[in-house]
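Note sheet for the following structure.
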Amino acid sequence: LAVLVYFRSQIIALIKSLFDSKMKQERSIILFLIIGTIPAGLAGLFLKDYFEQAFGSPAFTSAMLIVTGLILFTTKFVKKGEKQVSLFTAIIMGIGQALAILPGISRSGSTIVAGMLFGVKPSKAAEFSFLLAIPAILGAVVLKSDDLLAIDTALIGQYAVGAIFSFIFGLAAVSMLLAVIKKGKLEYFAYYCVAVGAIGLYFLL
């Protein structure tokens, strides 16, 4: 919901392009979103059990947080590109999203960095990354529909409060991340991820 609200103008434009053949750029983005979703879809279908097993290991999650930190830190050495998202970069960012199914790997971080490494303008990489989250999240909801339907109705109030706060802080997080990307300071998140991952490994191992 946070992504839908924050990027509502872009999403409305994408929907309009379905009925307006002149909006070629928006139509191409829709195609790229479909193609970029395929890697995560395949990973979710065929490696579902492996990913669920990985979520049971806090030590593994801590190690992957350090990996996320290293991924984010590479942006310090990458020259800012000015390219738009292309078919090729959509596939690369889609692979980054598939890897981010692993606990501790940042979805937005891995997809944005993947785009930036191949010359995509940081703000465009970020926008495409968040739009790419929409079909991925909807797909996860479908895969986990049985679990969602099994929620204890007595806890609906608690879940609602959690969802509201997630929405509010989700909006704030998207806004903050985009501001940091504009300043070219993604490595700030790298220090945080490495520190938290290292602390986790210290206490768990």
Side-chain angles (χ1 to χ4, degrees), residues 1-47 68 71-72 74-102 105-145 166-167 170-186 189:
L1 284 175
V3 173
L4 290 174
V5 169
Y6 196 93
F7 292 98
R8 59 190 179 277
S9 59
Q10 292 92 327
I11 293 169
I12 290 171
L14 292 177
I15 294 171
K16 283 183 177 178
S17 72
L18 295 173
F19 309 97
D20 188 348
S21 59
K22 294 179 181 178
M23 301 174 71
K24 293 181 179 179
Q25 186 175 357
E26 287 78 9
R27 282 192 169 190
S28 66
I29 292 296
I30 292 175
L31 175 63
F32 297 158
L33 288 172
I34 293 170
I35 292 172
T37 301
I38 292 173
L42 293 175
L45 285 172
F46 296 107
L47 299 174
T68 290
I71 291 171
L72 294 174
T74 60
T75 59
K76 188 175 177 66
F77 308 100
V78 176
K79 185 179 178 181
K80 282 187 180 180
E82 290 295 328
K83 295 179 182 178
Q84 299 289 322
V85 175
S86 64
L87 178 61
F88 174 72
T89 50
I91 294 171
I92 295 297
M93 293 174 75
I95 293 171
Q97 180 168 257
L99 292 174
I101 299 175
L102 290 169
I105 299 292
S106 166
R107 196 210 64 83
S108 55
S110 59
T111 50
I112 292 169
V113 172
M116 289 175 62
L117 289 175
F118 287 89
V120 177
K121 188 177 181 180
S123 59
K124 290 297 180 183
E127 181 180 311
F128 186 79
S129 168
F130 282 110
L131 292 175
L132 195 61
I134 297 170
I137 292 170
L138 291 176
V141 169
V142 172
L143 284 174
K144 287 291 184 179
S145 58
S166 294
F167 171 71
L171 275 176
V174 172
S175 180
M176 183 182 72
L177 178 58
L178 292 175
V180 170
I181 289 170
K182 287 179 181 178
K183 293 178 181 178
K185 300 295 183 182
L186 260 180
F189 292 113

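Quick caveat, the model's predicted, so the values are computed rather than measured. Quick note: numbers below take in every heavy atom, side chains included, and nothing from hydrogens, waters or symmetry partners.
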Minimum heavy-atom separation for Leu178 to Ala126, with atom names? CD2-CB, 3.4 Å
Go through Ile12 and Ile15 one step at a time and tell me if the side chain to side chain contact (heavy atoms under 4.5 Å, CB included) criterion holds. CA-CA 5 Å; Ile12 290 171; Ile15 294 171; 5.6 Å; no
Rounded at 0.5 Å granularity, tell me how far OG in Ser21 sits from CZ in Arg27. 5.5 Å
Kindly compute the distance separating CG (Leu87) from CD1 (Ile35), expressed to the nearest 0.5 Å. 4.5 Å
Going through the distances and angles, do Phe7 and Phe130 end up as a ring pair (Phe, Tyr, Trp, His ring centres under 6.0 Å)? CA-CA 8 Å; Phe7 292 98; Phe130 282 110; 5.7 Å; yes
Any side-chain to backbone donor/acceptor pair from Ser175 onto Leu171? Under 3.5 Å, distance only. no
Using modelled atom types only, decide if a donor and an acceptor are shared between the side chain of Arg8 and the backbone of Val5 within a distance under 3.5 Å. yes
Heavy-atom closest pair (Lys80 atom, Ile181 atom, distance to 0.1 Å) is NZ-O, 4.4 Å
With rounding to the nearest 0.5 Å, note down the distance linking CG in Leu132 to CD1 in Ile112. 10.5 Å
Could you go step by step and tell me if Gln25 and Gln84 meet the side chain to side chain contact (heavy atoms under 4.5 Å, CB included) rule? CA-CA 10 Å; Gln25 186 175 357; Gln84 299 289 322; 3.9 Å; yes
Is the shortest side-chain heavy-atom distance between Leu131 and Leu14 below 4.5 Å? yes
What's the spacing between Leu99 CG and Thr68 OG1 if we round to 0.5 Å? 10.0 Å
What heavy-atom pair brings Leu186 and Leu72 nearest, and what distance separates the two atoms? O-CB, 4.1 Å
If you take the centroid of each ring, where Trp contributes its six-membered ring, are Phe32 and Phe128 closer together than 6.0 Å? no
For the backbone of Ser106 and the side chain of Ser110, can you confirm whether one donor and one acceptor N or O come within less than 3.5 Å of each other? yes
In short, Thr37 meets Gln97 closest at the heavy-atom pair CA-NE2, 4.4 Å
Please assess Lys16 against Glu26 for the test side chain to side chain contact (heavy atoms under 4.5 Å, CB included), listing each intermediate value before the final yes or no. CA-CA 9 Å; Lys16 283 183 177 178; Glu26 287 78 9; over 6 Å; no
Separation between CZ of Arg107 and CE of Met93, rounded to the nearest 0.5 Å: 8.5 Å
Contact between Val113 and Val78 at the side-chain level, heavy atoms closer than 4.5 Å - yes or no? no
Heavy-atom closest pair (Ile101 atom, Ala43 atom, distance to 0.1 Å) is CD1-CB, 3.9 Å
If I take atom CD from residue Gln10 and atom CD from residue Glu127, how far apart are they, to the nearest 0.5 angstrom? 4.5 Å
Heavy-atom count around Leu1 CG within 6.0 Å, excluding the residue itself: above 12? no
Could you pull out the closest heavy-atom pair between Val120 and Thr89, with the gap in Å? CG2-CG2, 3.7 Å
If we ignore hydrogens and angles and just use 3.5 Å, is the side chain of Thr111 paired with the main-chain N or O of Ser108 as donor and acceptor? yes
